[in-house]
Amino acid sequence: MNIPEKKATGNFSEVAGQYCVRDITLAEEGRLLLDWAESRMPVLMGLREKYSKTKPFAGYKIAGCLHVTKETGVLIRTLAAAGAEVLWSGCNPLSTNDAVAAALAAEGIKMYAWHNNKEDFYWCIDRTIDAQPHLTLDDGCDLIDTVHERFADLAKNHIVGGSEETTTGVHRLRARAKAGKLYYPVYAVNDAETKWDFDNVYGTGQSSLDGIIRATSVLLAGKNFVTASHGHCGSGLANRAKAMGCNTIITEVSAIAALKGWLNGHEVMPMDQAAKVGDIFCTATGVKDVIVKRHFEVMKDGAIVCNTGHYDAEINIPDLASLSKSKRTIRPNCEEYTLKDGRRIYLIAEGRLVNLAAAEGHPSEVMDMSFANQFMAHLSLVERHKSGEKMPIEVMDIPADQDELVARTKLEMMGLHIDALTEEQKRYMNDYNAGT
Ligand code: ADE
């Protein structure tokens with residue numbers, strides 16, 4: 001990995017060592033978005049209220065590499081209110097909201113992110129590393145990878161710990177740990193139940209459909225909707241598409257996930273078959289080359305193709321381009337590829353995360369729990385560091401009591417109440433002798 005140079009020229013708002021955003025005058029617009037998100041993220045706001053008094057992060061620098069959305073802004077403000085110096089870059093070139101980035105930069109966050117920063121993606125990450133952070137907060141592992149590959153000394157001798165937000169990132173992290181190349185402990189926030197059972201399922205389901213609708217405005221009812229994968233994200237999406245009146249099809253490589261999909265009422269078939277009948281395709285697998293040349297070759301005229309997995313490798317776009325005689329942008333975030341045989345295929349958001357590139361990502365209500373987990377993971381890292389504990393260098397699960405606390409707080413904030421086991425019921429549950 002070579003140290004990247006900034007390539008983009010043109011109009012930016014830039015203060016060396018402070019921020020580089022598209023346009024700082026968008027800050028007021030961004031503040032309104034942040035206010036809106038804050039009103040829907042009570043768990044995180046409760047943490048802000050509590051820890052802005054004690055400032056547990058004072059003296060710690062946190063570098064984050066995660067979609068710059070209004071919800072992320074609420075997390076950033078909360079970390080800063082709890083005493084952290086926060087440096088940030090976006091984890092996808094198309095997901096940064098420039099108004100939110102401007103608002104945060106204007107508040108003193110060291111923000112290096114702008115929409116469509118493809119060529120400067122790693123330049124932005126590098127700027128957050130310049131400040132020698134103590135903690136890293138990732139979505140997809142690009143920051144952790146950069147630190148480990150190019151700043152190994154910092155990773156081994158300075159950074160206290162990190163966290164990872166997404167399934168793909170946790171896979172990469174576990175592969176790194178297995179290879180003996182992980183240099184500091186990292187919490188797998190993705191794997192908390194109050195993250196993946198909600199954010200991945202309900203968040204991805206709604207926001208991906210939102211992106212498809214914003215980019216195409218097509219009627220969903222009656223369409224053959226193909227979801228590649230029936231994991232947390234894919235199942236959420238397929239179920240939401242079904243609720244909108246789609247005929248849902250899932251493709252899978254896992255027999256168990258395929259069975260679950262079938263019992264959820266979706267048709268199950270290989271992509272080779274689904275390619276011929278689908279009207280809308282959305283990949284959610286975390287692996288590459290899910291839709292390739294032979295699939296494009298048999299798709300219907302007018303098929304819409306998109307991806308909601310972390311990386312843009314799931315749809316083989318060079319394959320699509322090689323079959324095409326022309327390409328034009330027909331609507332924002334929607335490119336029409338005309339194939340040599342005259343069929344048209346529509347690709348949303350260049351095959352990048354449809355929910356963040358063509359819409360606003362998951363709704364605030366669901367990110368509330370994910371980001372409460374992020375905040376608490378970092379609090380735990382800092383508290384363990386301050387106590388002098390030598391943490392094991394591994395991928396760590398979020399403790400069950402944290403998960404429970406996040407869920408309970410969320411319920412409480414929504415005014416919902418649940419039952420509690422009586423002492424007698426607890427005894428009964430633990431009695432190996434209680435039978436018929
Ligand atoms: N990932 C999915 N949705 C998101 C959002 N709204 N903010 C940050 N990261 C996200």
Side-chain angles (χ1 to χ4, degrees), residues 30 32-41 43-45 62 64-79 86 88-101 103-104 109 111 113 115 136-143 163-170 188-192 194-212 214 231-234 236-237 240 282-284 286 306-312 333 348-349 352-375 377-378:
L32 295 177
L33 290 170
L34 287 162
D35 286 354
W36 175 258
E38 284 182 353
S39 71
R40 279 152 181 79
M41 300 180 79
V43 181
L44 197 50
M45 293 303 282
I62 303 180
C65 179
L66 193 147
H67 308 292
V68 181
T69 64
K70 58 193 185 306
E71 291 75 25
T72 304
V74 180
L75 171 62
I76 292 173
R77 278 180 165 180
T78 305
L79 292 166
V86 186
W88 215 265
S89 64
C91 67
N92 184 293
L94 296 186
S95 65
T96 294
N97 181 309
D98 285 324
V100 170
L104 295 166
I109 304 302
M111 177 60 67
H115 190 80
T136 62
L137 194 159
D138 262 271
D139 184 334
C141 266
D142 287 326
L143 171 57
S163 66
E164 170 52 50
E165 169 77 4
T166 200
T167 316
T168 302
V170 170
V189 170
N190 177 71
D191 297 356
T194 45
K195 198 279 181 183
W196 76 5
D197 272 352
F198 299 91
D199 164 323
N200 300 25
V201 178
Y202 304 98
T204 304
Q206 177 169 322
S207 61
S208 302
L209 286 188
D210 186 8
I212 293 168
R214 290 193 204 195
H232 282 90
C233 296
L237 176 56
R240 287 295 172 276
C282 188
T283 53
C306 63
N307 162 56
T308 195
H310 188 79
Y311 287 107
D312 59 346
N333 286 312
I348 306 182
R352 295 184 191 271
L353 280 161
V354 61
N355 59 337
L356 281 139
E360 291 175 64
H362 303 351
S364 312
E365 289 86 340
V366 88
M367 294 312 293
D368 189 22
M369 288 193 284
S370 308
F371 286 164
N373 276 305
Q374 283 287 6
F375 183 93
H378 280 262

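Atoms considered below: every heavy atom in the structure, side chains included; atoms not considered: hydrogens, waters and symmetry mates. Counting starts at 1 for both ligands and their atoms, in listed order. All figures in this text were calculated on a predicted structure; none of them were measured in a lab.
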By side-chain hydrogen bond (donor to acceptor under 3.5 Å, both in side chains), Asp35 pairs with (sequence neighbours left out) none
Please enumerate all residues that pass salt bridge (Lys or Arg N to Asp or Glu O under 4.0 Å) together with Asp98, with sequence neighbours excluded. none
What does the list of residues with a heavy atom under 4.0 Å from ligand 1 look like, ordered by chain and number? Leu66, His67, Thr69, Glu71, Thr72, Leu356, Glu360, Gly361, His362, Met367, Phe371
Suppose we screen for ring pair (Phe, Tyr, Trp, His ring centres under 6.0 Å). Which residues come up paired with Phe375, at least two apart in sequence or across chains? Tyr51, Phe57
Aromatic rings Trp196 and His232: how do their planes relate, parallel, tilted or perpendicular, breaks at 30° and 60°? parallel
Answer whether the closest heavy-atom distance between the side chains of Leu137 and Leu79 falls below 4.5 Å. yes
Is the closest basic N to carboxylate O distance between Arg214 and Asp210 below 4.0 Å? yes
